[in-house]
Structure formats: C-alpha cells, structure tokens
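Written out below as structure tokens is the structure these notes cover.
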4 protein chains.
Amino acid sequence: MLKKTLSRREREKLRQRRDMLAASLELFSEKGYHNVSMQEIAERAEFALGTLYKFFKNKEDLYKTIIAEQADRFHEVLTNAMEEGDDEIEKLRNFVRTKGTMFINDVSVVRLYFAETQGASFNIKAGLDKQILENIEQDLQQLARIFESGIEKKRFRKIAEPYYLAVSLNSLTDAFLLLWLEAPERHPYPENPDVILDILCKGLLE
Amino acid sequence: MLKKTLSRREREKLRQRRDMLAASLELFSEKGYHNVSMQEIAERAEFALGTLYKFFKNKEDLYKTIIAEQADRFHEVLTNAMEEGDDEIEKLRNFVRTKGTMFINDVSVVRLYFAETQGASFNIKAGLDKQILENIEQDLQQLARIFESGIEKKRFRKIAEPYYLAVSLNSLTDAFLLLWLEAPERHPYPENPDVILDILCKGLLE
Amino acid sequence: MLKKTLSRREREKLRQRRDMLAASLELFSEKGYHNVSMQEIAERAEFALGTLYKFFKNKEDLYKTIIAEQADRFHEVLTNAMEEGDDEIEKLRNFVRTKGTMFINDVSVVRLYFAETQGASFNIKAGLDKQILENIEQDLQQLARIFESGIEKKRFRKIAEPYYLAVSLNSLTDAFLLLWLEAPERHPYPENPDVILDILCKGLLE
Amino acid sequence: MLKKTLSRREREKLRQRRDMLAASLELFSEKGYHNVSMQEIAERAEFALGTLYKFFKNKEDLYKTIIAEQADRFHEVLTNAMEEGDDEIEKLRNFVRTKGTMFINDVSVVRLYFAETQGASFNIKAGLDKQILENIEQDLQQLARIFESGIEKKRFRKIAEPYYLAVSLNSLTDAFLLLWLEAPERHPYPENPDVILDILCKGLLE
DNA sequence: GATGAATGAGTTTTCATTCAT
DNA sequence: GATGAATGAAAACTCATTCAT
C-alpha cells in the first residue's frame with residue numbers, strides 16, 4: 001500500500017487510529033485491562049466514546065489489536081535482527097541486544113508482553129490470537145535454527161535440543177528484562193549482550 | 001496446635017475455609033480474577049454467598065489469601081529442597097526437581113503463579129503483598145548463595161554474578177514449566193533435572 | 001402483677017428482656033434504626049442473635065417495643081405530674097419541670113422521642129402505633145383541660161383554644177429540650193419552669 | 001445567568017435534573033431515606049439507573065442535594081419575608097404567614113424538614129451540612145433581632161431573651177404545621193398569623 | 001460521520017431472619 | 001432453651017455498548 005495513494009481523509013483516519021491505540025496501550029499497561037474503562041481511553045485519546053467504537057468493535061477488539069500490532073512490530077524487528085550477523089554467535093548477540101533495545105524504548109509494551117506471554121492473558125476473556133502465538137513460535141523456531149546451525153557446524157555443543165536452547169535464551173532475556181522493569185537503576189539491562197549469552201555459552205562447571 | 005485440640009466445630013470451619021479457597025483457586029486460575037464473580041465462587045464451593053463473606057471480608061481479601069497461602073507453601077517447600085543435598089549441584093538439582101513436582105501436582109497454582117510473578121498482578125487493584133515479594137526474593141537469595149558457595153569452592157566458574165545465576169536458573173525452570181503447561185504431552189517437564197541444569201552448566205561453546 | 005408470683009425463671013427472663021431493650025435503645029438512639037444491625041444489638045446486650053429473636057419477633061417489633069415502653073413510662077409520669085399541684089399554674093409548672101427532668105435523665109430517649117414525634121417515624125416502615133399516638137393525645141387533652149379550667153376560673157385569658165394552648169406549651173418545652181440536646185452547656189434546660197411558662201403567660205406586648 | 005444563554009442541551013439537562021430531584025423528594029418524603037432504592041427513584045423519574053448516577057454521584061449526594069436546595073429556597077424566602085413590614089409585629093406576621101404558605105404548598109418538603117431539623121437526621125449517615133445549620137441559625141438570629149429591636153423600642157416586654165423568643169415563635173409555627181400535616185381538615189394552618197402570634201403576645205395571665 | 005447521553009445487566013456487599021445442633 | 005452459622009434477597013453502584021442528534 002503506497003502512501004501516495006492515501007487520500008487526506010484516509011491519512012487522517014490512520015492518525016486517529018494510531019492515537020487511540022497509543023492511549024489504550026498506555027492505560028492498559030498502567031492499570032491492566034479490567035481497570036481501564038472505555039470512557040477513560042476516549043478521554044486520554046481525546047476522542048468521543050462513539051468514535052472509539054467506530055474504529056474498534058468492542059473493548060476486547062481494541063485490546064487484541066494493540067497486542068497484535070505490537071507483536072507484529074516485535075516479530076518483524078526480531079526476525080531481521082536474527083538474520084543479520086556473520087556467524088551464529090553474532091546472530092544470537094543481535095537477538096539479545098535488539099530485544100532489549102526494543103523493550104527498553106517502550107516500557108508500556110513490556111508490561112503487556114509479560115502479562116500476555118507469561119500466562120496472565122486468561123485475565124482477558126479470550127486468549128491470544130493464533131496469529132500472535134504463531135509469531136512467537138516462528139521467532140523461537142528461527143532462534144532454534146541458529147542453534148541448530150551452530151551445532152551442525154560444530155561451533156556449539158549440543159547441550160540440549162535446539163528448540164529448548166531457543167526457549168532458554170528467550171527466557172534468559174525475559175528474566176533480565178523483568179529485573180530491569182522492577183528496578184531499572186539496580187538491574188540495568190546489559191549493554192553488552194554477552195553478559196546474558198555467556199550464561200548459556202560458558203558452562204558453569206569447571 | 002495439635003489437631004486433637006480442635007473441636008469438631010473448629011475442624012468443620014477449617015474444612016469449609018479450605019473448600020472455599022479450593023473453589024476460588026480453581027476459578028481464578030481458569031478465568032482470571034475479574035472474570036469470576038463471588039456468586040460463581042459460592043456456587044462452586046457449594047456455600048451461600050453470605051457464608052463466603054463470613055470467611056473473607058471481600059473479593060480481594062479472598063484472592064490475596066489464596067496467593068499468600070500458596071506462596072507460603074511454595075516458599076517453604078523450596079527452601080527445604082535447597083537445603084538438602086550434599087553439594088551445590090545436588091542442591092540445584094533439588095531446586096529444579098522440587099519446583100517442577102510441586103507445580104505439576106497443582107496446575108491451578110502455576111497459572112496464578114505466572115500471572116502474579118510475571119507482572120500481570122497489576123490486573124488486580126493492589127499488587128503483591130510485601131510478604132510474598134520477600135518470599136520470592138529470599139528464594140533467589142538462597143539460590144544465589146548456592147552458586148556463590150560453588151564459585152568459592154572453585155566448583156563453579158563465575159560466568160555471572162551469583163544473583164544473576166539464580167535469576168537465570170529460576171527463569172529456565174519457569175520456561176520449561178510454561179512449555180509443559182501449554183503442551184504437557186509434547187513438552188513434559190524433564191524428570192531428570194540435569195536436562196535443565198546442563199543448559200547452565202555445560203557451556204554451549206566448544 | 002405481684003412480684004412474688006414470678007418464678008426465678010420468669011424474673012430472669014424479665015431481666016434479659018430489659019437488658020436487650022436497654023442495649024437497643026442505646027444503639028438506636030446513637031445511630032438510628034437503619035444503621036444498627038441485629039447482630040450489633042445482640043453483641044451489645046451480650047446475648048446470642050437467636051435469643052433476641054426469642055424475645056422479639058423481628059427488628060421492627062423490637063424497635064416498636066422500645067418506643068411503646070418509653071412512651072408508656074413517659075405518659076404515666078406526665079399524667080401524674082399534671083394531676084399534682086393546687087392550681088392550674090402549678091400543674092403547668094409540674095408539666096414543664098417533669099418533662100425536662102425525665103428527658104435530661106435519659107438522653108437516649110429524647111433522640112428517639114424527637115425522631116418519632118416530629119415526623120421522622122416514616123423512616124421506619126410503619127408509623128407510630130395507635131396506642132402511642134393516643135397516649136400523646138391524652139397528654140395534650142389533659143393539658144388542654146388545665147388551660148380550660150384556668151380560663152373558666154378566669155385565671156387565664158382565652159388567647160387561644162385550650163387545645164392549641166396545650167400544643168403550644170408542649171412545643172415550647174420541646175424547643176428548649178432540643179436546644180439543650182444540641183448544646184447542653186450553652187442552653188441548659190431551665191431549672192425554673194417559669195422561664196418557659198412565662199413565654200406563654202406574660203404577653204409580649206406592652 | 002440568563003436563560004437565553006442556555007443551549008437546548010443545557011436546558012434539557014436542567015429539566016432532567018429537576019425531574020430527578022422531584023421524584024426523589026417525593027419518595028424520600030413518603031417513605032424515608034432508607035426505604036427508597038435508587039432503582040425506585042429511577043423508575044419514578046422515568047430514567048435509567050445509570051442516568052441517575054450521571055447526575056448524582058451516589059444516593060447520599062442525591063439526598064443532600066435535595067435538602068440543600070430546599071433549605072436554600074426556604075432560607076431565602078424567609079429572610080425576605082422578615083425584612084418586609086413596617087414594624088416588628090408586621091415582620092413577625094410575615095414570618096409566620098410565609099413559613100406556613102411555603103410549607104403548605106409543598107407538603108413533601110415539610111416532612112423532610114421535620115425529619116432533618118428535629119433530630120432524626122442521624123438516620124442518615126452524615127448529619128446536616130454545616131451550610132444548612134447555618135441557614136437555620138441565621139433565620140433564628142434574624143428573628144431574634146426583630147424581637148430585640150421591639151424590646152429596645154419598648155414595643156415588646158422582655159419576657160425572655162430575644163434568641164429564646166425566636167426559638168419559641170419558630171417552635172410554635174412548627175407545632176401548628178405538624179398539626180396541619182396530621183389532620184389538614186381539622187387543624188388548618190391559620191390564615192391569620194395573629195392566631196399564632198397572639199399566643200406569644202397576649203399573655204395568658206389576667 | 002462524530003458525538004456523548006442514556007441504558008440496564010451484572011457485580012460486590014450487607015444484614016434480617018431461620019433452624020440445626 | 002440457647003446458640004450463632006448459614007442463608008439469599010435486596011441494595012448500591014459501574015461500565016461496555018448503543019443510537020438519536
């Protein structure tokens with residue numbers, strides 16, 4: 001879809017939609033799905049309540065749209081990050097670094113990300129969309145293939161199945177992000193991705 | 001307090017309380033705090049609505065009681081597990097094994113555990129009690145001391161600060177528990193704790 | 001009813017009943033009918049909830065019993081007061097003095113008295129009993145007869161119908177009692193009944 | 001604020017508010033605060049429950065608004081009445097006449113007035129607003145000044161302190177209003193204010 | 001097309017009353 | 001006969017959603 005083909009009207013609509021989603025994201029992230037009212041969202045976004053319903057058919061739809069859009073953006077950036085880099089280690093470094101950067105620049109999203117991926121999504125009526133779960137799965141698969149490739153090239157020892165290695169690295173980055181979220185000063189997300197990677201790479205035992 | 005000293009009345013009360021907490025735990029775990037009504041809980045527990053309020057002063061109190069009781073049980077068992085074992089590796093094995101066993105025997109709790117610890121607790125008005133956060137922190141500290149001791153004894157390489165190693169191992173077990181929760185058949189929680197521990201211990205790089 | 005004919009059991013019952021009524025009177029007077037629960041009354045009276053219901057068939061019955069008993073006591077004392085005294089003025093003095101003394105000794109009752117007689121009784125489902133209204137009416141009639149007699153004997157000028165004079169004197173004492181209730185220090189109920197009576201007797205105009 | 005400056009929307013809002021207050025006044029007056037539900041008020045006013053809550057933040061707010069508005073109106077009218085008239089007697093006549101007229105035209109208000117001023121306000125959680133008590137006190141003070149002025153000019157005998165004379169006259173009008181309220185046919189509120197005033201003015205004793 | 005007032009179902013909570021022990 | 005635990009009807013209040021303007 002070329003931008004040039006969008007009429008002023010259409011561009012305006014997109015801008016409104018973006019504003020609504022931004023306001024909702026903030027509020028949901030601050031207070032949680034059930035502690036935010038549609039009225040509140042409308043006010044924060046500076047639109048009328050009815051206008052909100054012109055864009056999203058109900059509260060759940062609005063919420064899911066946010067999650068879906070963020071997940072897509074997230075997915076795209078991560079996919080690209082994992083493709084860049086000359087060797088496997090470099091790709092893993094890119095994964096760790098990019099995931100950190102992305103989240104730290106967008107605190108609101110982190111909270112929702114954890115709420116959703118770590119099993120609290122049952123707080124909202126319906127679980128995550130198939131689409132989103134697939135995104136996440138794809139990221140893990142892509143990460144797994146990096147590990148697999150490393151193992152094939154004898155660069156990595158096969159200390160676990162590639163998929164589990166992917167899950168592990170993902171959970172390590174999550175853990176560091178949570179620490180940062182709770183106490184940004186005391187537990188900054190490491191600038192050097194090796195701090196996290198080494199936990200996986202170096203082997204604890206002498 | 002010896003059971004024998006409890007009157008029939010008192011024992012009956014305890015049983016009722018337990019039934020109520022059990023019903024609530026199930027429902028909160030299935031549907032989330034905000035999607036469960038007190039009426040629903042009363043029905044599931046087979047008590048009248050008013051009786052529920054005789055035992056818990058309001059919905060939040062009921063919820064927090066569940067979380068607190070489970071967190072205490074959890075904390076106690078884990079603390080003990082980490083104390084047993086002759087050397088550091090054995091203690092870590094006990095941690096991984098016990099955490100798995102405990103959760104797998106009580107699926108309802110896992111869901112709430114993740115909802116609460118992974119940042120979704122903001123879905124309920126008040127966050128986690130100080131007490132519970134302290135429990136969790138204590139577990140991590142205890143785990144960290146095991147790593148520290150291993151490093152001092154030159155059994156472990158210091159691939160990261162002990163506290164971060166503790167956080168890492170904890171997040172790895174969480175990740176495997178989540179996998180199991182999503183697809184118990186495909187991703188059983190490993191009976192042999194080394195499957196998880198090795199990810200930390202063996203070192204990926206050749 | 002001779003006291004001697006009452007068995008110990010019966011005397012005990014009467015004492016319990018009195019205790020219950022006393023506790024209820026206190027509470028109703030402090031907080032108003034709707035802001036007092038039967039549970040609360042039972043606790044204050046140090047009886048079990050069920051026992052309360054053995055004595056009074058429901059909350060309204062309990063309330064009405066209090067009102068009726070106090071009204072009876074009130075009526076009896078006032079009737080006697082108005083009978084004593086050698087002339088009309090003395091009888092009126094006795095009325096004013098006795099009404100004051102009685103209320104001031106029993107603050108709880110005053111509040112209920114005003115709540116009931118001044119038209120707030122509609123706050124409770126049913127209005128005042130016929131019996132009580134009749135009591136009040138009788139008092140007014142008796143007072144009216146005193147005025148009437150005074151007029152016949154040419155001691156009083158007929159500045160209004162005797163009944164309205166009765167109502168007037170009654171309302172004057174009520175007004176002074178209300179003042180005292182609001183600010184006992186600033187507006188003590190006059191020890192000398194003439195302070196009130198004079199307002200009626202002396203005539204404002206020169 | 002000129003009516004012309006109100007938009008149709010605003011006028012509509014005012015009308016709705018008035019309708020709600022009118023329905024509430026009726027119901028509270030008929031049955032008392034605690035025997036009226038918000039649902040009932042909504043039905044009587046022919047609005048949805050939620051609409052009621054758009055206008056008044058809760059039941060107590062609704063009640064207090066009624067009381068406050070009526071008290072203000074009452075206060076204003078009485079103040080003016082007491083200012084008109086050439087001499088003291090005329091001012092007192094105006095007070096007695098106006099108070100009667102106002103109440104007789106608005107029976108619902110009388111009931112609430114008595115419920116509130118005669119000490120039953122403790123039936124509702126919060127007592128009367130400071131503002132309202134001040135209104136009442138101001139009226140009494142103004143009345144007292146009239147008596148004082150009359151005494152200074154030697155038109156009145158000082159049969160009691162001016163403030164107590166004010167309280168007395170006020171209580172006399174209240175008494176006649178209560179009589180009328182109970183039996184309008186038998187005890188009409190006197191058209192000629194002297195019927196009430198004479199009780200104070202003429203002096204009972206020969 | 002935008003608006004936001006109006007709606008009412010659904011939720012939490014209280015408390016008078018009953019009745020098994 | 002006393003007890004007080006259990007009951008559930010009823011009340012206050014919220015908020016997602018609709019629809020007339």
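Proteins come first, then strands; the chains are lettered A, B, ... in the order of their sequence lines, and each starts at number 1.
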Strand-adjacent residues in residues 17-25 of chain D, judged by heavy atoms under 4.0 Å from DNA chain E: none
Just to verify, what does D:E43 make a side-chain hydrogen bond (donor to acceptor under 3.5 Å, both in side chains) with, not counting sequence neighbours? D:Q39
Across all chains, not counting sequence neighbours, the side-chain hydrogen bond (donor to acceptor under 3.5 Å, both in side chains) partners of D:R44 are D:E26, D:E30
Rounded to whole angstrom units, what separation is found between the CG atom of D:D61 and the P atom of F:dA12? 14 Å
Nearest atoms (heavy-atom pairs only) where C:S24 meets C:I41: OG-CG2, 3.4 Å
How close or far is atom P of F:dA11 from atom CG of D:L27, stated in whole angstroms? 13 Å
Any chance you could list the contact pattern along nucleotides 15-21 of chain F? Use B for base contacts, S for sugar-phosphate-only contacts and - for none, protein heavy atoms under 4.0 Å, 5' to 3'. BSBB--S
B:Q70: which residues meet the side chain to side chain contact (heavy atoms under 4.5 Å, CB included) condition with it, sequence neighbours left out? B:L25, B:I66, B:R73, B:D106, B:V109
Taking any heavy-atom pair under 4.0 Å as a contact, classify B:E12: base, sugar-phosphate, or nothing. nothing
Tell me the interatomic distance from B:E40, atom CD, to E:dG10, atom P, rounded to whole angstroms. 13 Å
Using whole Å, what does the distance between atom P of nucleotide F:dT3 and atom CD of C:E43 come to? 13 Å
Residues forming a side-chain hydrogen bond (donor to acceptor under 3.5 Å, both in side chains) with B:N58, sequence neighbours excluded: none
Pairwise side-chain contact, A:F28 with A:V36, heavy-atom cut-off 4.5 Å (strictly under): yes
For D:D72, give me all partners under salt bridge (Lys or Arg N to Asp or Glu O under 4.0 Å), at least two apart in sequence or on another chain. none
I need the NZ-P distance between B:K31 and E:dG10, as an integer number of Å. 13 Å
Expressed as a whole number of angstroms, how long is the span from D:F56:CZ to F:dA12:C1'? 16 Å
Integer-rounded Å distance: E:dA5 C1' and D:L14 CG: 15 Å
Any base atoms under 4.0 Å from D:Q16, or only sugar-phosphate, or nothing? Heavy atoms, all strands. sugar-phosphate
Partners passing salt bridge (Lys or Arg N to Asp or Glu O under 4.0 Å) against B:D19 (at least two apart in sequence or in another chain): B:R15
B:R15 CZ - F:dA5 P separation (whole Å): 15 Å
Consecutive Watson-Crick or G-U pairs in runs of at least 3, all under 3.5 Å, in which DNA chain F is involved: E:2-21 with F:2-21
Hits for salt bridge (Lys or Arg N to Asp or Glu O under 4.0 Å) against A:D61, two or more places apart or cross-chain, chain-then-number order -> none
Can you list everything that forms a side-chain hydrogen bond (donor to acceptor under 3.5 Å, both in side chains) with C:E46? Sequence neighbours excluded, please. none
Applying side chain to side chain contact (heavy atoms under 4.5 Å, CB included), can you list everything that pairs with D:F55, at least two apart in sequence or on another chain? D:K13, D:Q16, D:R17, D:M20, D:T51
